[in-house]
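I have placed the structure first, in the form of structure tokens, so that the comments after it can refer back to it.
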There are 2 protein chains.
Amino acid sequence: MASSAPERSSARQQQIVDVAGAILEAEGPDSLTMRRLASELGIKAPSLYKHFPDKSAVEIALIERGFRLWGERARQALIERGDRLTNLAVAYRSIAREHPHLYRIMTMGELDRSRIAPGLEEWSGAPIGELFADGETARAFWAFLHGMCILEIDHRFPPGANLDRAWANGLAVFRPQSTPPITTASS
Amino acid sequence: MASSAPERSSARQQQIVDVAGAILEAEGPDSLTMRRLASELGIKAPSLYKHFPDKSAVEIALIERGFRLWGERARQALIERGDRLTNLAVAYRSIAREHPHLYRIMTMGELDRSRIAPGLEEWSGAPIGELFADGETARAFWAFLHGMCILEIDHRFPPGANLDRAWANGLAVFRPQSTPPITTASS
DNA sequence: GTCTATAGTGGGATAGAC
DNA sequence: GTCTATCCCACTATAGAC
């Protein structure tokens, strides 16, 4: 598991993506238009095309940020004290709740893997693999995590549902399959 | 758990929703426009507004059909012979794979519950509740089902993943929590 | 229940000057 | 790197005749 994600873009591009992220978080993907983005930056829409070839390039940049955030937070979770399975789940849930629109654009629909930074997706997902000896059980756990997150932020659970308990119960069924942390003799 | 879902609409409305469903399945939600829908019906777009107040009413009708399909197939799964947990999972996965676009519009984003037939959503989801003594475990299982389905149809699992095994492993962790079927003395 | 005509909105994107 | 001007597109929806 590599420990850091690759990145490459100009300061101006980064600033544009910052603002795009702010619009996305505040008002959702429908509000993220080239006109609006330019307006928030104090420029006109056509000027954006000097920095990004098209709108989807901006969206891809946002998604890549999301993957970096996932990967970083998940790695923190694995080294914190306490149960690693729980820590990882809490980290994922927190990201989804804090940035629901970002979470949605990251996970919704098909993803053109040829457009995102090579290796980034795997890098961000690797921490889940660390928790299970069997890769297919790790994927089942990922499905549980994602299902809980997306159903929660979309308010799909029934009004009376106790989500903290649903999370706890789901973690409880997966926990016996999870592996303990590897500690070196010198630690 | 009630055994059938309510329904009410004219023959013409049903025909329109049939065609809308065909477009959706064939080409996805972006292709489902009022112009296109009318065109496939051999009429002009404005004529549709004699049958539905707006486009969202057509989409709601499609979503309601999806919920009825879910509820019916899930109920079949519970009375088939074999393991009920597995049967239910197979039923859900089959629907998602056979009708991926329908599955997406049913489950994507927030749902305005005031617009769908009262009780329909609960009716369609009730079979999952039948399988677990604890409601919050049932919701965790639902999250697993949905996560697996949506990640599969969106091709989010890594290329080498063995999804049949991921399903089997996930079902295996939930199975000890599931309840056996209730059989009457006369059966 | 269908039509024609059209309003109204909004979006992505390009050309070419500065 | 920014601007103005503009194109082109597509969509939802309404008004009013038949």
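In what follows, chains carry the letters A, B, and so on, assigned in the order in which the sequence lines appear, proteins first and then strands, with residues in each chain numbered from 1. Model, not experiment: these values are computed from the prediction.
Between A:Lys55 and the phosphate of C:dG12, there is a side-chain N or O to OP1/OP2 separation shorter than 4.0 Å. For B:Ser47 and C:dC3, the shortest distance from a side-chain N or O to OP1 or OP2 is below 4.0 Å.
Residue A:Lys50 is classed as a base contact, given a heavy-atom separation below 4.0 Å to a base.
Straight-line distance from the OH atom of A:Tyr49 to the C1' atom of D:dT6: 14 Å, rounded to whole Å. Whole-Å rounding puts the A:Arg36 CZ to C:dG12 P distance at 12 Å. Residue A:Asp54 contributes atom CG, which lies 8 Å from atom P of C:dT14 at whole-angstrom precision. What separates NE2 of B:His51 from P of D:dT12 is a distance of 16 Å, to the nearest Å. If you measure from atom NZ of B:Lys44 to atom C1' of C:dC3, you get 9 Å, rounded to the nearest angstrom.
Mapping A:Thr33 and A:Pro46 onto DNA chain C by nearest heavy atom places A:Thr33 at the nucleotide closer to the 5' end. Both A:Ala45 and B:Ile43 sit near DNA chain C, but only B:Ile43 has its closest nucleotide nearer the 5' end.
Between A:Glu72 and A:Arg75, none of the side-chain N atoms (NZ, or NE/NH1/NH2) sits under 4.0 Å from a carboxylate O, so this pair counts as no salt bridge. A salt bridge links A:Asp18 with A:Arg65; the closest basic N to acidic carboxylate O contact falls under 4.0 Å.
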Intermediate values then yes/no, side chain to side chain donor-acceptor pair (under 3.5 Å), B:Gln15 and B:Arg12: CA-CA 5 Å; B:Gln15 185 199 9; B:Arg12 186 57 163 155; 2.4 Å; yes
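A donor-acceptor contact under 3.5 Å is not formed by the side chain of A:Arg35 with the base of C:dG10.
Proximity of B:Phe144 to A:Trp142: side-chain heavy atoms (C-beta onward) are nowhere separated by under 4.5 Å.
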